[in-house]
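A quick note: this is a predicted structure, and the numbers were derived from the prediction, not measured. All values below were derived from every heavy atom in this structure, side-chain atoms included, with hydrogens, water molecules and symmetry-related copies excluded.
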Amino acid sequence: MVTLNVIKKSGQNLLDASDKIKAIIADMQKAKLPSNLIIQVTGDQSRNTRNTVDELNNTIILGFIFVTIVLMFFMGLVNALFVALSVPLSMAIAFIFLPFIGFTMNMLVMFAFIFALGIVVDDAIVVIENTHRIHKKTKMDITSSAKSAAGEVFVPILSGTLTTLAPFFPLAFWPGVVGSFMVFIPVTLIITLFASLIVAYIFNPVFAVDFMKLDDEDAPVNKRNVYRTTAVIALISIPFYLLGARGVGNLIMFIAISFLGHELFGYKVLRRFQSHFIPALMTKYENTLKWILKGKRPAYALGGMVALFVFTMVLNGILKPKVVFFPDNEPNTINTFIKMPIGTQIEVTDSVSRIAENRIMSVLGEKNPIVESVVTNVAFLASDNNFDNSSKSSNLAKIAVNFVEYKYRHGQSTKVYMNKMREALKDIPGAEIVVDKTKMGPPTGKPINIEISGEDLAKLDATANNFKRFVDSLQIGGIEELKSDFATSKPEILILLDRERANSEGITAAVVGDAIRTGQLGKEVSKYREGEDQYSIMLRFEENQRKDLEQLLNLTITYRDMTSGLIRQIPLSVVAHVEYVNSYGQINRLNLKRVITVSSNVLDGFNANVINAQLRKVLPQFTKPSDVDIQLTGEQEDQAESMVFLSKAMILCLFLIMFILITQFNSMSKALIIVSEVVFSLIGVLLGYMIFHMTISIIMTGMGIVALAGIVVRNGILLVEFTDRLKNQGVKTRKAIIQGGLTRITPVVLTATATILGLIPLAIGMNINFATLLTDLNPHLHFGGDNVMFFGPLSWTIIFGLSFATFLTLVLIPVMYIFIYERNIRIQRRKTNKMIRKSKLQ
C-alpha cells in the first residue's frame, strides 16, 4: 500500500482543493489507472469542514423558521414574513462587506450569523410592532403610521443597537492566538447589526406601507380563490419535476400546501392566539405590576433580587461547576504518537508501530461501522507538531484512527476508544506513547504543562526527573503520564583528533574536518544550468559508504605537509579515533533561559483546572535548586490571559453602555436601572449551568456573558424611554410605568423569544438536512455534533441569561424605576423641609 498525503496551501480553499483532487482521481481511474487498483480517500479534513458548514447553514434555516413562526403568532403571517426578511437582508449586506476586510466563510463567521439571527430582527420587530400599534389605535393611514412609528422609536432603536454592539467592540481587539481565532465572531456581528439598522430604518417601513393590513379589516376567506391560488402554485412545480429538479418542485408544493393550510385553518389559530392569549397575558401582567408597585413592595422585591444574587454566587462557590478552557469535543480522529530513542532504526520503529497497530485494532474490533480508516506513518509525517509537514525522524511513528461523521455514529461515543487505547498501549517497553485527539479551537499548549527553567542542564534534567517522581507519588487522578521533552539518550559518534600525531604528520585539524564534512555532507565542486535554473554539483560519499564507520575511518586524506610542503595522503585512522557517547537531543530556551517542559494530557472524565489547582497547591512542597524555576504554563497560560482580557472587556463594555445610556437619558439613575439588568442576568446564567450540570467554558461562556450585557440592555431602553415619554405627556409616574410596560411587553417578549429561538437549534444540536428533505423527503434528523459541543456553552449562556433578563425587564425595571423615583421624592422633600426650617429660624 502507498499513502499519498496532500497538504493544502495557506490561504487556499480547502473545499475547492478537495473537490478538484477527487475529480482528478475519478478521471485517472477511468482513463489511466489499472482497473484492479483500489484508491481510497482517508482522513479528508474537508469532510469535517463541509459537514460543519452544512450543519450551520441548516441551523440558520431552522432558526429562521422558528423566528418566523413565533412572529406569526404575535403579528400575523404577512407582518411576520417581512419582519423575518430582515434576517437575509442584513446578512446579504454583511456578505458584501466581509470580503473587503479579508474574511472568508468559515465556521465562526457562520456561527456569528446564527448568533445574530434572533438579534437582527429586534429592530424590525420594534418598528413593525409600533407601526401596527399606531395604525390600529389611531386609524391613521399606513404611510403616516409608518413615518410616525419609525420616528418615535428612532432614538431607542439606535441606542439599543449601540448598546448591543458595545460588548463586541472590545472583543474585536482580542489579543493572542485565541483572539486571532475568535475575532471573526465580534467583527461579523458588528457588521451584521449595523446592517440591521439600515434594514429597520429603510426597508421595513417600505414593507409596512406596501403590505401591512389590520386583521379586523381582512375580508372573509374566499375558499374558491384559495383553491385557485393553491392550484396555480402547484402547477408551477410540474415543469421542475419534468426537468428533474425535484427539490425545487417539492419546495413549491410545500409552499402550496402551507398556503392552503394557513388560509383554511392556520389563520384561525393565529387569530385565537391574538384575541385570547395576548389579552390574557396583558391582563395578568397589568395586575402583577399594580400589585408589586404598591407600598413597600418595590423595596422588598429589589431586596429579594439582591439576596437571590448573593445566594447564587454563594451556591456557585459551594457547588463549583466544572470549568474548562475550550469546550470538549468528541474526537473525529484519535492519534497515537510513538517516540523511540533518537537514532532508532526505522525498521525497529516500524516493528513497534505494528505491535501498537495490532493492539489498537483489537480495541476497535473488526469491521467497526464508525471507523473509517486506520493509517500508520513511520518517520515521515509522524510528529506530534501539527505544523511539521516535512521532517523525517526514524524514531517517530503515528497511528491515526479516523472515524465517520458524527451523524453516522448513531450516538456512539468515540471518547471510550481513546481511554481503551491508552490502557492497551501503556506497557510497550522502550517507547513513549501518547494518545491524543483532534481538538476544536485554536492551537494551545498541553492541559498540564510545567516549564522547568534555569542555566545548568544537568540540574534541570535531574529536577525534571525528580518532579515527575514527586507528582507520580501524589497519585493525582486524571494525569495520563508526565513526559519530558528533554532527550538525553541521543547517540553520537565522536571523532577525536590525536593532535600530537597530526602535528608530526604535518596535518591540521581544519584539513581533517573539511575531509570528513565533504565525505558526509558533500562539497559543491561545480554548477550547471538548465534554462534559467542553476543547480549545484555536490561531491560526497555514496550512501552505503556514509553509513559505514570502517570506510569512514579508512578515508584517505590528501593534503600538503605543513613542514615539507609535499603532497601526502594518509587514512583518517592514523590521526583520529572514535568514541561512542550519548548526548542531549535538543536544548530549548525561553526568555534566554534553558527550559525543560514536562507535560501530560488529561484523561477523559477529569478536569484540567482541578488538576492544575492541585499541582499549584503541592508545588511549594517540592524541593528544588535555588537557581531553578518551575511554572505551570501551556493551556493554563492562555486561559489566564483570556480571563484577564474578558474581564477587561466586560468592564469596558459596561462603561460604553453607561456612556450611551447617560447620553440618551441624561440621568445617572436611569442608566443604573438598565445596567443593573446586566448584573442580575448573571443569576440566570449561573443557575442554568448549576441546574443542568453543565460545564463552564472560559472562552465560550465568558464571551456569552460579555455579549449578553449588550443584548439585555436593549429591551430595558425601550421600557424606560417610553415611560419617560408618557411622563412628559403628563401621565402620573405609577400609571406611566404600567402603561409603558403594557405597551412595550409585545416587542420585549418578541425580541427575547426571537433571540432565544434563533439559538435553540444550535444549543440542542438539532440538525435537519433541508437539501435531502426537499429532494428525498428524508431530513436526516439528528441531535449533537461538533458544532453543539463547541458553540453550545455560548448559546446556553445567552438563552439562560436572556430568559431571566426578560423577567427583569418586565418586572424589576418598573420596580427599580418607582423605587428610585420615590427615593428621589423623599430626598427632595427632606431638602425642601430643611430649607423651610432654616428660613423660619432666620
Inset, instruction - Enumerate the residue pairs fulfilling side chain to side chain donor-acceptor pair (under 3.5 Å) with a member in residues 341-352, sequence neighbours excluded, ordered by first and then second residue. - result: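 Residue pairs with at least one partner in residues 341-352: Asp350-Arg354.
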
Who are the salt bridge (charged side-chain N to carboxylate O under 4.0 Å, His left out) partners of [X], not counting sequence neighbours?
X: Lys617; result: none
X: Lys437; result: Asp328
X: Lys322; result: none
X: Glu423; result: Lys426

Inset, instruction - List in chain and number order the residues that pass side-chain hydrogen bond (donor to acceptor under 3.5 Å, both in side chains) with Arg594, two or more places apart in sequence or in another chain; answer none if no residue qualifies. - result: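 Per chain and number, Arg594 pairs via side-chain hydrogen bond (donor to acceptor under 3.5 Å, both in side chains) with no residue.
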
Inset, instruction - Check side-chain hydrogen bond (donor to acceptor under 3.5 Å, both in side chains) between Asn601 and all other residues, then give those that pass, not counting sequence neighbours. - result: Lys446, Glu480

For residues [X] and [Y], report the shortest heavy-atom separation together with the two atoms involved.
X: Ile428; Y: Arg359; value: CG1-NH1, 3.5 Å
X: Phe470; Y: Val618; value: CZ-O, 3.7 Å
X: Ile596; Y: Ser484; value: CG2-OG, 3.3 Å
X: Leu396; Y: Lys339; value: CD2-CG, 3.7 Å
X: Ile557; Y: Ala515; value: CG1-CB, 4.1 Å
X: Lys398; Y: Phe337; value: CD-CE2, 3.3 Å

I'd like to check the ring-ring contact (aromatic ring centres under 6.0 Å, His included) partners of [X]; sequence neighbours left out, ordered by chain and number.
X: Phe184; value: Phe103
X: Tyr528; value: Tyr535
X: Tyr417; value: Phe403

Rounded at 0.5 Å granularity, tell me how far [atom1] in [X] sits from [atom2] in [Y].
X: Asn335; Y: Met418; atom1: CG; atom2: CE; value: 10.5 Å
X: Ser599; Y: Ile448; atom1: OG; atom2: CD1; value: 9.0 Å
X: Gln551; Y: Leu572; atom1: CD; atom2: CG; value: 13.0 Å
X: Arg422; Y: Leu603; atom1: CZ; atom2: CG; value: 5.5 Å
X: Ile433; Y: Ile399; atom1: CD1; atom2: CD1; value: 8.0 Å

Any donor-acceptor pair under 3.5 Å from [X] side chain to [Y] backbone:
X: Ser536; Y: Met538; result: no
X: Asn395; Y: Ile338; result: no
X: Ser697; Y: Met700; result: yes
X: Asn368; Y: Leu364; result: yes
X: Ser600; Y: Glu481; result: yes
X: Asn554; Y: Glu550; result: yes
X: Asn607; Y: Val323; result: yes
X: Thr414; Y: Pro331; result: yes
X: Asp533; Y: Arg529; result: no

Inset, instruction - Say whether Asn402 and Asn332, considering side chains only, have a donor N or O and an acceptor N or O under 3.5 Å apart. - result: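 Asn332 and Asn402 do not have a side-chain donor-acceptor pair below 3.5 Å.
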
Legend entry - Donor-acceptor pair between Glu451 and Thr597 side chains, under 3.5 angstrom: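 Looking only at side-chain atoms, Thr597 and Glu451 do not form any donor-acceptor pair under 3.5 Å.
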
Legend entry - Check against side chain to side chain contact (heavy atoms under 4.5 Å, CB included), Phe541 and Leu555: CA-CA 10 Å; Phe541 285 160; Leu555 168 65; 3.2 Å; yes

Taking only distance into account, with no hydrogens and no angle test, what donor-acceptor pairs under 3.5 Å do side-chain atoms of residues 492-500 form with protein atoms, sequence neighbours excluded?
from: Glu492; atom 1: OE2; to: Ser583; atom 2: OG; distance (Å): 3.4
from: Asp498; atom 1: OD1; to: Glu500; atom 2: N; distance (Å): 3.4
from: Asp498; atom 1: OD1; to: Arg501; atom 2: N; distance (Å): 3.4

Legend entry - Arg540 vs Gln520 side-chain heavy atoms within contact, under 4.5 Å: no

Side-chain polar contacts of residues 622-632 - donor-acceptor pairs under 3.5 angstrom, sequence neighbours left out - could you list them?
from: Lys624; atom 1: NZ; to: Val628; atom 2: O; distance (Å): 2.8
from: Asp627; atom 1: OD2; to: Lys459; atom 2: NZ; distance (Å): 3.3
from: Asp629; atom 1: OD2; to: Lys593; atom 2: NZ; distance (Å): 3.3

